[in-house]
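Down below is the structure, laid out as structure tokens.
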Amino acid sequence: MIKNVGIVGAGQMGCGIAHVAAMAGYKVHIYDLSAERAETGLATINGNLARQVSSGKMSDEDRKKALALIKGSSDINDLSDADLVIEAATEDETVKRKIYGQVCAVLKPEAILATNTSSLSITRLASATDRPERFMGIHFMNPVPVMKLVELVRGIATEEVTFAAAKAFVTSLDKTITVAEDFPAFIVNRILLPMINEAIYTLYEGVGSVEAIDTAMKLGANHPMGPLQLADFIGLDTCLSIMQVLHDGLADSKYRPCPLLVKYVEAGWLGRKSGRGFYDYRGEVPVPTR
Ligand SMILES: CC(=O)CC(=O)SCCNC(=O)CCNC(=O)[C@H](O)C(C)(C)COP(=O)(O)OP(=O)(O)OC[C@H]1O[C@@H](n2cnc3c(N)ncnc32)[C@H](O)[C@@H]1OP(=O)(O)O
Ligand SMILES: NC(=O)C1=CN([C@@H]2O[C@H](COP(=O)(O)OP(=O)(O)OC[C@H]3O[C@@H](n4cnc5c(N)ncnc54)[C@H](OP(=O)(O)O)[C@@H]3O)[C@@H](O)[C@H]2O)C=CC1
């Protein structure tokens, strides 16, 4: 029975997952490397809850109740009460493997450990834990409070009881599940990221400007965001990691990350979260960088 949920990583996804879990009545603890990051995360969650209050989706009383259920810290021992820990740290296998070593050392033996990875092999990540049978992928979409879908991914060793508990948990958050096999980037990102990468090639080859490409896909294909705007929203580091996993894992040149994407990441232009990507977010309105 899941009551206490631990989250690793107070970034956009960790905060989003904490937000929806608390709304459903779970006690949540967010752990991040820096206490300051965990604090900023709590403030972000409060801001997003307040948005739902002002649009009439939630009462202010429910906002306060949800917020009171969430704590944050930089002490990994605070995850020792968790029945389920969802790791939502940076999309980097080395980082995640290191986290599993630290988390497993404090976790209850019966607790489930899940990853929100966008692309990495669940089976390979599971091998870095002490509980491959109680490990799986629970892949939320961004922004978590708004997006209905969650992909569930079993590793080779995931037990049925683990899958059933994860499914019950996700359903209790009022999300719809889809099951994906453990292939690079699963379903959503296997389809979405090559589209985003192609949009970046379209920019790189001078077929259109940032604005032209985004307008084309918003008005010409009815996407809620243009692909470059969406890339900035996801995070260009995450987009690049996913393309690298597709390229390495499927060994097909059609997944080659666009050199322009590589350049932006090397510059530290990671999109919205760093203030600059295909758009510059430091002013009042986003301004295209090309
Ligand atoms: C990379 C991966 O591994 C997988 C992924 O996640 S891929 C990314 C998947 N996500 C997408 O494709 C998102 C595409 N974009 C969209 O759907 C929309 O642009 C959007 C929902 C993000 C924003 O919609 P919008 O109409 O442009 O903006 P906005 O009016 O601000 O927001 C719409 C609603 O969502 C709410 N919202 C937006 N972000 C929110 C957040 N972080 N928390 C809470 N609510 C939020 C707003 O409050 C608003 O609610 P109301 O309609 O009740 O006012
Ligand atoms: N962005 C998206 O649209 C989606 C992302 N995902 C996946 O979710 C995960 C998180 O992505 P996202 O939230 O966007 O990334 P962010 O960069 O916003 O957040 C990652 C967080 O993890 C923290 N972190 C890094 N290393 C550690 C560590 N060793 N211990 C604890 N915390 C750590 C980072 O801290 P610091 O900043 O200090 O390094 C940061 O706060 C990734 O696996 C990503 O692929 C899944 C669905 C959608």
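Read the numbers this way: they start at 1 and go in the same order the structure lists the ligands and their atoms.
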- Under the salt bridge (charged side-chain N to carboxylate O under 4.0 Å, His left out) rule, what do D237 and K273 come out as? Steps first, then yes or no, please. CA-CA 10 Å; D237 52 341; K273 65 183 172 187; 3.0 Å; yes

- Region of H223 engaging ligand 1 - heavy atom pairs below 4.0 Å: neither

- Within the 4.0 Å heavy-atom cut-off, what V188 brings close to ligand 1 is neither

- Identify the heavy atoms of N4 and D81 that sit nearest to each other, and give their distance. ND2-O, 3.3 Å

- What protein heavy atom is closest to atom 22 (O) of ligand 2, reported as residue, atom name and distance in Å? A89 CA, 3.4 Å

- Item | Side-chain touch I86/F169, heavy atoms, less than 4.5 angstrom | yes

- Message: Among residues at least two apart in sequence or on other chains, which ones pass side chain to side chain donor-acceptor pair (under 3.5 Å) with Y281?
- Response: D232

- Taking both backbone and side-chain atoms of S118, is any N or O found less than 3.5 Å from an N or O belonging to ligand 1? yes

- Indicate whether atom 49 (C) of ligand 1 is within a distance of less than 4.0 angstrom of some protein heavy atom. no

- Distance filter under 4.0 Å to A10 heavy atoms, resulting ligand 2 atoms: 41 (O)

- What do you reckon, does G235 put a non-hydrogen atom under 4.0 Å from ligand 2? no

- Message: Quick check: closest heavy atoms across D280 and G275, and the distance to 0.1 Å?
- Response: OD1-O, 3.6 Å

- Task: Tell me which protein heavy atom sits closest to atom 16 (P) of ligand 2, plus the residue, atom name and distance to 0.1 Å.
- Result: K273 NZ, 3.8 Å

- Task: Look at atom 46 (C) of ligand 1 and say whether a protein heavy atom is found at less than 4.0 angstrom from it.
- Result: yes

- Task: Measure the shortest side-chain to side-chain distance between P227 and D214 over non-hydrogen atoms and say whether it is less than 4.5 angstrom.
- Result: yes

- In terms of its nearest heavy atom to atom 2 (C) of ligand 1, the top option of N189, V146, T117, V53 is N189

- Item | Flag: protein heavy atom within less than 4.0 Å of atom 28 (O) of ligand 1 | no

- Hey, which atoms in ligand 2 end up nearer than 4.0 Å to a heavy atom of F140? 46 (C), 47 (C), 48 (C)

- Message: If hydrophobic clusters are built from ILVMFWY residues whose side chains come within less than 4.5 Å, do I196 and L260 share one?
- Response: yes

- Item | Atoms in ligand 2 with a heavy atom of K96 nearer than 4.0 Å | 42 (C), 43 (O)

- Report yes or no: does a heavy atom of I234 sit under 4.0 Å from some atom of ligand 1? yes

- Note on the structure: ligand 2 to Y31, heavy atom cutoff 4.0 Å, flagged ligand atoms 30 (N), 31 (C)

- Task: Give a yes or no on whether atom 17 (O) of ligand 1 lies under 4.0 Å from any heavy atom of the protein.
- Result: yes

- Message: Heavy-atom contact check, 4.0 Å cutoff: does A88 meet ligand 2?
- Response: yes

- Note on the structure: Atoms of ligand 2 under 4.0 Å from any heavy atom of L33, numbered from 1 in the order shown, are 26 (N), 27 (C), 28 (C), 29 (N), 30 (N), 31 (C), 32 (N)

- Note on the structure: atom 38 (O) of ligand 2: of R37, Q12, M147, the nearest heavy atom sits on R37

- Item | D32 N/O under 3.5 Å from ligand 2 N/O | yes

- Message: List ligand 2 atoms under 4.0 Å from V8, heavy atoms only on the residue side.
- Response: 31 (C)

- Side-chain H-bond candidate by donor/acceptor type, Y255 with R190, under 3.5 Å: yes

- Inspect the surroundings of NZ in K175 and state if more than 12 heavy atoms from other residues, nucleotides or ligands are less than 6.0 Å away. yes

- Message: Any heavy atom of Q12 closer to ligand 1 than 4.0 angstrom?
- Response: no

- Item | Close-contact set for ligand 2 against V95 heavy atoms, below 4.0 Å | 26 (N)

- Task: Compare E36, M13, M141 and give the one whose heavy atom is closest to atom 11 (O) of ligand 2.
- Result: M13

- Message: Give me the residue, atom name and distance of the protein heavy atom closest to atom 25 (C) of ligand 2.
- Response: T90 OG1, 3.2 Å

- Please state which part of L193 comes within less than 4.0 Å of ligand 1, counting heavy atoms only: side chain, backbone, both or neither. neither

- Query: Do the non-hydrogen side-chain atoms of D62 and M23 ever get within less than 4.5 Å of each other?
  - Reply: no

- Look at atom 45 (O) of ligand 2 and say which protein heavy atom is nearest, naming residue and atom and giving the distance to 0.1 Å. S118 OG, 2.6 Å

- Message: Among N48, I45, N142, which one puts a heavy atom closest to atom 9 (C) of ligand 1?
- Response: N142

- Query: Which ligand 2 atoms, with their elements, are less than 4.0 angstrom from a heavy-atom of T117?
  - Reply: 43 (O)

